[in-house]
*Asks:* 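If you scroll down you'll find the structure; I have some questions about it.
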Amino acid sequence: MTRPAPFSRRQFLGTATAGLALPALPRLARAQSSAALQLSWQHSVQFAGSYIAQDRGFWSEQDLEVTLLPGGPNAPVEPPVVSGTALIGISAADYTAAAVEQGAPFRILGVAMQKNPFVIASLPDNPVAQPADLMGKRIGMALANTPVLQALCTLNDVDIDRIEVVPTQYSAQPLLAGEVDCLLCWETDLPVAMAMQGIEAQTMLMADHGYALHSQTYIATLDSLANRRAELVALLRGELRGWEAYRQDTAAAAALTLQMYPDAGLDLPTQELQAERQVPLMFSESTDEHGFGWWSDAAVEDNIATLALLGRTVTPDLWDRSILEEVHGS
């Protein structure tokens, strides 16, 4: 809280001219900075905390105008952040590690998803409840995710050669048609799509079995940390307020998503369920204690170990908590 001056120049002039009819002077508007936040995918409730921050003026209150840039298969996160087109990008630890290996000057400033959203989804009559259950099963997945499956198997002493990998499109249909026994997917999409059809899949969250990999992370460059620090603090402060509001009312967050992006091809019931299922991934005992986006040193160690299994070598200084400390300390 800022202490007022004992008797300011403005107070003095106001006292000295009491009773005089003076013309009203125009208020000087404070200059706003502008910044862009690069999302990791197309608009959906996955980013509803950002929509709330924009809709409720959490950024404009801090004299920051934020543009939300949608991502997608042809819109990677890292290039606009490197170029300065976006101040912050929403990425994941494995993508950031790969970019850093190629010379990108990134730091992870916050972690939105405390638990990685990858799951093994199966049907109740043929469930995969633990990694050992994968042996003898047919798993539908993109071949590009083979290192992810291999890491899970290594962490849990499962012989990957006893799992039949079936290349599939990212759809629940192969599981529903009996072409595979399970799917490698995100907790918040294909299982939600099945639930909307009245089919409750069983999901085994890989994070509960050693697969520690930070997802939906906030990244920025070393140059921004050095030269645009105030804007980083303002953007993340508004972002964190948005996600706390999201947590309080996920239904309202879903409704706002459709209101702001009516042409995104979204339907409200799906977005509402997605919003609900995202909450336990994004909030934890650590965030309850320290604030949204926080991570522990132990979590960094676990991430480094998982990244090593994915063929990525990083050091703890990839994670920089100084912006979060400023945000939550104020």
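In this chain, residues are counted from 1 in sequence order. Worth saying up front: this structure is predicted, and the values here are computed from it rather than measured.
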*Asks:* How about R229 and S322: does a side-chain donor come under 3.5 Å of a side-chain acceptor?
*Replies:*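 Short answer, yes.
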*Asks:* Under 3.5 Å, is there a donor-acceptor pair linking the side chains of T85 and S83?
*Replies:*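 Checked: T85/S83 side chains pair up, N/O donor to acceptor below 3.5 Å.
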*Asks:* Enumerate, atom names and distances included, each donor-acceptor pair closer than 3.5 Å involving a side-chain atom of residues 141-156, sequence neighbours excluded.
*Replies:*
{"from": "T146", "atom 1": "OG1", "to": "L143", "atom 2": "O", "distance (Å)": "2.7"}
{"from": "Q150", "atom 1": "NE2", "to": "T154", "atom 2": "OG1", "distance (Å)": "3.2"}
{"from": "T154", "atom 1": "OG1", "to": "Q150", "atom 2": "O", "distance (Å)": "2.9"}
{"from": "N156", "atom 1": "ND2", "to": "L152", "atom 2": "O", "distance (Å)": "2.9"}
{"from": "N156", "atom 1": "ND2", "to": "H209", "atom 2": "O", "distance (Å)": "2.9"}

*Asks:* Measure across D125 and P127 and return the closest heavy-atom pair with its distance rounded to 0.1 Å.
*Replies:*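 Of all heavy-atom pairs spanning D125 and P127, the closest is C-CD, 3.7 Å.
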*Asks:* Do side-chain atoms of T203 reach the backbone of L205 as a donor and acceptor pair under 3.5 angstrom?
*Replies:*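 Such a contact is absent between T203 side chain and L205 backbone.
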*Asks:* Please work out whether the ring planes of F118 and W186 are parallel, tilted or perpendicular, with thresholds of 30° and 60°.
*Replies:*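 Rings of F118 and W186: perpendicular, over 60°.
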*Asks:* Which pair of non-hydrogen atoms, one from L213 and one from L310, has the smallest distance, and what is that distance?
*Replies:*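 Result for this residue pair: CD2-CD1, 4.1 Å.
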*Asks:* Please report the shortest heavy-atom distance between A93 and T217, naming the atom on each side.
*Replies:*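 Answer, listing the atom of A93 first, then T217: N-OG1, 4.1 Å.
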*Asks:* Regarding D267 and T270, is there a side-chain donor-to-acceptor distance under 3.5 Å anywhere?
*Replies:*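 Distance-only check passes for D267 and T270.
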*Asks:* Could you verify whether a donor N or O on one side chain and an acceptor N or O on the other, from Q216 and Q46, lie under 3.5 Å apart?
*Replies:*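 Checked: Q216/Q46 side chains pair up, N/O donor to acceptor below 3.5 Å.
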*Asks:* Strictly distance-based, threshold 3.5 Å: is any side-chain N or O of R107 a donor or acceptor partner for the main-chain N or O of D317?
*Replies:*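 Flag set: sc R107 to bb D317 pair under 3.5 Å.
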*Asks:* Under the 3.5 angstrom rule, does the side chain of T287 hit a backbone N or O of W294 as a donor-acceptor pair?
*Replies:*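 No, because the side chain of T287 does not come within donor-acceptor range (under 3.5 Å) of the backbone of W294.
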*Asks:* Could you tell me whether E239 and R56 make a salt bridge, using a distance below 4.0 angstrom between a side-chain N and a carboxylate O?
*Replies:*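 Looking at R56 together with E239, the answer is no, because their closest N to O distance does not fall below 4.0 Å.
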*Asks:* Among all residues two or more places apart in sequence or in another chain, which pass the ring pair (Phe, Tyr, Trp, His ring centres under 6.0 Å) test with Y95?
*Replies:*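 Expected list: none.
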*Asks:* Looking at H43 versus Y51, is the centre-to-centre ring distance below 6.0 Å?
*Replies:*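 Yes, they do, as the ring centres are separated by less than 6.0 Å.
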*Asks:* Taking all atoms of both residues into account, what is the closest heavy-atom pair of Q114 and S286, and its distance?
*Replies:*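 Smallest heavy-atom distance, with atoms named: OE1-CB, 4.3 Å.
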*Asks:* Sub-3.5 Å donor-acceptor pair from the side chain of R138 to the main-chain atoms of G178, do we have one?
*Replies:*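 Confirmed, R138 side chain pairs with G178 backbone.
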*Asks:* Salt-bridged, D223 to R228, with N to O below 4.0 Å?
*Replies:*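 Looking at D223 and R228, the cut-off is not met.
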*Asks:* Is R237 positioned over the aromatic face of F58, cation under 6.0 angstrom from the ring centre and no more than 45 degrees off axis?
*Replies:*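 Not satisfied by the 6.0 Å and 45° rule.
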*Asks:* Would you indicate whether the side-chain heavy atoms of E200 and M194 approach each other to under 4.5 Å?
*Replies:*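 M194 does not reach E200 side chain to side chain.
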*Asks:* Between D189 and R277, does any NZ, NE, NH1 or NH2 come within less than 4.0 Å of an OD or OE carboxylate oxygen?
*Replies:*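 Salt bridge flag = no for D189 with R277.
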*Asks:* Only counting residues at least two apart or in another chain, list the ones meeting ring pair (Phe, Tyr, Trp, His ring centres under 6.0 Å) with Y246.
*Replies:*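 With neighbours one apart ignored, the set is W243.
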